[in-house]
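Data block below; observations after.
In what follows, every chain begins at residue 1, and chains take the letters A, B, ... in the order their sequences are listed.
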Amino acid sequence: MTAAEPKPESVSPNPAKSMDAIMALCKRRGFIYQASEIYGGINGFWDYGPLGAQLKKNLRDAWWQDMIMNPCWGRSGPGGQRVRCVPVETCIIQHPKVWEASGHVGGFNDPMVDDKETKQRFRADHLVGLFVVPAENQYIDKAKRPGIRKAALSGQLAPVRSFIASNESEAHLALQELKKRDLGGLDVRAAHVQIDGSESWHAFDMDSARGQMHGLLVQIPMRILEQTHTTIPSPFTGKAGSLTPPRQFNLMFKTYVGATATESDIAYMRPETAQGVFVQFKNVVDTTRVKIPFGIGNTGRSFRNEVTPRNFTFRSREFEQAELEFFCHPSESVEWYQFWRDFRMEWWKSIGLAGDNLILREHEKDELSHYSQGTSDVEYRFPFTAPGFGELEGIAHRGCFDLTQHQTHSKQKMEYFDASRGELAPNGQPKGEWYMPHCIEPAAGLDRGALALICEAYTKDESRASPEFLKLHPRLAPIKAAVFPLVNKDGMPEIAEKLHAELTAKFWRQGSIEMDEKQSIGKRYARMDEAGCPFCFTVDGDTVKDQTVTLRDRDTGAQQRMALDKVASFLSEKLGA
RNA sequence: GCGGGCGUAACUCAAUGGUAGAGUGUCAGCCUUCCAAGCUGAAUGUUGCCGGUUCGAGUCCGGUCGCCCGCUCCA
């Protein structure tokens with residue numbers, strides 16, 4: 001920060017962290033490369049180098065361990081029972097109907113319009129405008145009968161009201177509705193519908209407080225919507241100015257299944273892993289003896305044609321998710337929602353995002369989907385979002401929306417029979433209860449998580465011999481430890497090699513143990529600092545005499561003497577292995 | 001999608017329209033008993049890509065791709 005641009009400490013606690021410097025380090029040390037770089041790169045795609053791949057694997061493993069194998073570190077859920085989760089691994093390509101049921105296809109393949117005020121989105125071709133002019137108006141002059149239509153369809157006349165209707169009968173319903181409503185001073189008493197030949201528009205006469213009026217109900221053409229969206233009243237609020245122009249949301253990656261590549265072979269790459277879980281919900285229930293409440297986890301690549309991929313790997317078009325769908329009885333869903341929301345926040349803290357840069361943000365009521373009773377984001381203050389935050393994970397109460405959708409579209413029963421519920425039978429056993437489970441969804445982005453870990457770990461301290469270094473949590477660090485002979489002679493390399501072999505044999509499951517005898521000791525420490533390696537063990541002349549080595553700590557640079565045979569147990573404790 | 005900025009070695013950057021360079025890193029050798037230390041040497045570039053102007057283009061012009069920033073968007 002220069003003196004000319006002071007930045008208060010409270011606004012940005014890490015002003016020294018520049019994204020350019022972080023990106024340069026990521027490239028230099030082999031964490032992240034641009035995808036297809038030798039061909040000029042491809043917008044929205046990034047590859048991981050050796051250290052990045054291991055970092056991300058460690059993050060994925062940590063999620064898998066703490067969410068599936070030993071959920072919530074063995075903690076009890078709201079009902080006092082142990083949390084139980086199982087994994088699945090589902091295909092990137094699913095039956096196209098999966099995405100129709102989920103709402104990803106259909107709803108988002110057509111040009112869409114947003115109402116900025118109510119945050120509602122609808123298909124542009126479903127917007128119907130009501131155009132009204134006084135009977136004596138020139139547009140409606142008998143000699144120029146089609147005038148009102150022409151005026152409406154050319155954008156000269158703005159609609160007094162708009163509706164969402166996808167077909168003729170819905171348009172009629174909207175018209176019926178008119179009779180009961182007040183339309184900005186127009187008290188519509190009666191409307192006589194007259195189908196005027198074209199299916200897409202309806203002209204009618206009506207009585208109003210202002211006398212005889214002529215009306216026209218017509219689908220607003222796309223090109224008119226583009227030009228006049230600011231003057232068209234919102235179908236939700238009736239106020240003009242809040243509609244966006246129609247926009248194509250082609251966010252699904254399309255592909256073809258089979259060699260012929262015809263229209264009927266179209267399939268989509270998944271935009272989220274969650275639907276794989278819902279689609280296999282019955283199979284998991286029927287084949288694995290799980291009982292509600294329980295969770296199903298799924299990790300893997302997902303694809304979205306983001307409008308604007310930006311901010312390094314934060315919003316990329318191919319990304320990896322780690323999602324849990326936790327199923328419970330509707331009456332317990334809010335408690336489970338709160339439980340998962342709190343645990344997920346705690347989890348991110350436990351792997352190194354412990355400072356003020358991490359927040360849990362509960363969504364406002366008007367941000368929620370219509371079916372959700374609660375949604376929270378775990379958000380991190382990235383250098384490029386500061387002083388704001390970017391989402392790492394969303395924890396959503398999805399109610400029974402997804403299972404119900406798939407039940408409707410697949411016509412397969414998705415309800416769960418809970419033998420532990422229901423009235424008691426004469427023999428004292430519960431009769432059981434059928435219900436559609438509710439679902440709590442903690443859905444994390446692994447690429448965003450890895451990026452947040454790197455940003456949080458990145459530290460610049462000009463007073464150090466190695467000014468730039470990564471303070472990665474030992475559990476996540478791709479390189480767990482390094483072994484150096486202080487000098488490459490006098491028996492030191494041999495001892496170092498032996499220690500390196502011992503540590504590798506013990507810890508290869510967690511990450512790599514490096515051995516480096518080249519160049520000065522300072523350079524070797526500095527190299528390991530940039531790679532985020534937390535511990536270095538140096539064999540020196542004394543090692544031969546007293547069987548001790550120097551432990552050098554990455555974060556403090558402090559050194560301490562340690563018995564050679566204690567190194568493994570020390571590391572074991574630090575790595576939680 | 002719109003507007004602005006920028007693309008030269010692995011990284012950070014130089015180079016009046018006139019022979020593509022430096023520092024760092026990397027690698028090798030020597031030397032070194034704890035912090036990018038020292039000495040010697042080496043490798044690495046169709047200056048993002050394509051075209052144009054010019055005797056001559058890293059430099060000027062057009063296009064394109066990519067990255068960054070601001071809007072927009074983020075189901």
What contact category does [X] fall into here, base, sugar-phosphate, or nothing, at under 4.0 angstrom with non-hydrogen atoms?
X       : result
R29(A)  : base
R552(A) : base
Y39(A)  : nothing
N488(A) : base
M19(A)  : nothing
G44(A)  : sugar-phosphate
D540(A) : base
Q34(A)  : sugar-phosphate
F384(A) : sugar-phosphate
R317(A) : nothing
R464(A) : nothing

Out of [options], which nucleotide sits closest to the side chain of [X]?
X       : options                   : value
A24(A)  : rC11(B), rU72(B), rC67(B) : rC11(B)
Q559(A) : rU32(B), rG1(B), rC35(B)  : rC35(B)
Q519(A) : rC27(B), rA36(B), rC73(B) : rC27(B)
T308(A) : rC67(B), rC73(B), rC35(B) : rC73(B)
L486(A) : rU72(B), rC34(B), rC27(B) : rC34(B)
R310(A) : rC71(B), rA36(B), rC35(B) : rC71(B)
V487(A) : rU33(B), rC11(B), rA28(B) : rU33(B)
A465(A) : rC35(B), rC73(B), rA75(B) : rC35(B)
K523(A) : rA36(B), rC34(B), rC68(B) : rA36(B)
R28(A)  : rC11(B), rC67(B), rA75(B) : rC11(B)

With a 4.5 Å limit on heavy-atom distance, are the side chains of [X] and [Y] in contact?
X       : Y       : answer
T299(A) : T273(A) : no
R28(A)  : E468(A) : yes
F314(A) : L451(A) : yes

Grab the [atom1]-[atom2] distance between [X] and [N] for me, whole Å please.
X       : N       : atom1 : atom2 : result
I38(A)  : rG48(B) : CD1   : C1'   : 12 Å
Y525(A) : rU32(B) : OH    : C1'   : 14 Å
E306(A) : rA75(B) : CD    : P     : 8 Å
N311(A) : rC67(B) : CG    : P     : 11 Å
M528(A) : rC34(B) : CE    : P     : 20 Å
K460(A) : rU12(B) : NZ    : P     : 12 Å
K489(A) : rU33(B) : NZ    : P     : 6 Å
D516(A) : rC35(B) : CG    : P     : 16 Å

Could you tell me whether a side-chain N or O of [X] sits under 3.5 Å from a main-chain N or O of [Y], the two making a donor and an acceptor?
X       : Y       : answer
D447(A) : F319(A) : no
E306(A) : S316(A) : no
Q94(A)  : C91(A)  : yes

Taking the same atom, [atom1], in [N] and in [M], what whole-Å distance lies between them?
N       : M       : atom1 : value
rC6(B)  : rU64(B) : C1'   : 16 Å
rG48(B) : rA15(B) : P     : 15 Å
rU54(B) : rG17(B) : C1'   : 9 Å
rC49(B) : rA36(B) : C1'   : 36 Å
rG58(B) : rU19(B) : C1'   : 14 Å
rU46(B) : rC39(B) : C1'   : 36 Å
rU16(B) : rU72(B) : C1'   : 42 Å
rA9(B)  : rG23(B) : C1'   : 12 Å

Report the base-pairing partner of [N] (Watson-Crick or G-U wobble, both distances below 3.5 angstrom), or none.
N       : answer
rC71(B) : rG1(B)
rU64(B) : rG48(B)
rC13(B) : rG21(B)
rG41(B) : rC27(B)

Should we count CD of E89(A) as having more than 12 external heavy atoms under 6.0 Å? no
RNA chain B nearest-nucleotide lookup for E468(A) and G40(A): closer to the 5′ end is E468(A)
The answer to which of R527(A) and K27(A) contacts RNA chain B further toward the 5' end, by nearest nucleotide, is K27(A)
Base rC34(B) paired with T550(A) side chain (donor-acceptor, <3.5 Å): yes
Using a distance-only criterion (donor-acceptor N/O pair, under 3.5 Å, no hydrogens), is the base of rA36(B) paired with the side chain of E530(A)? yes
Among R398(A), Q405(A), H406(A), which residue meets the side-chain hydrogen bond (donor to acceptor under 3.5 Å, both in side chains) test with D402(A)? R398(A)
R344(A) NZ/CZ over W347(A) ring centroid, <6.0 Å and within 45° of normal: yes
With a 4.0 Å cutoff (strictly under), does any side-chain N or O of N43(A) reach OP1 or OP2 of rC65(B)? no
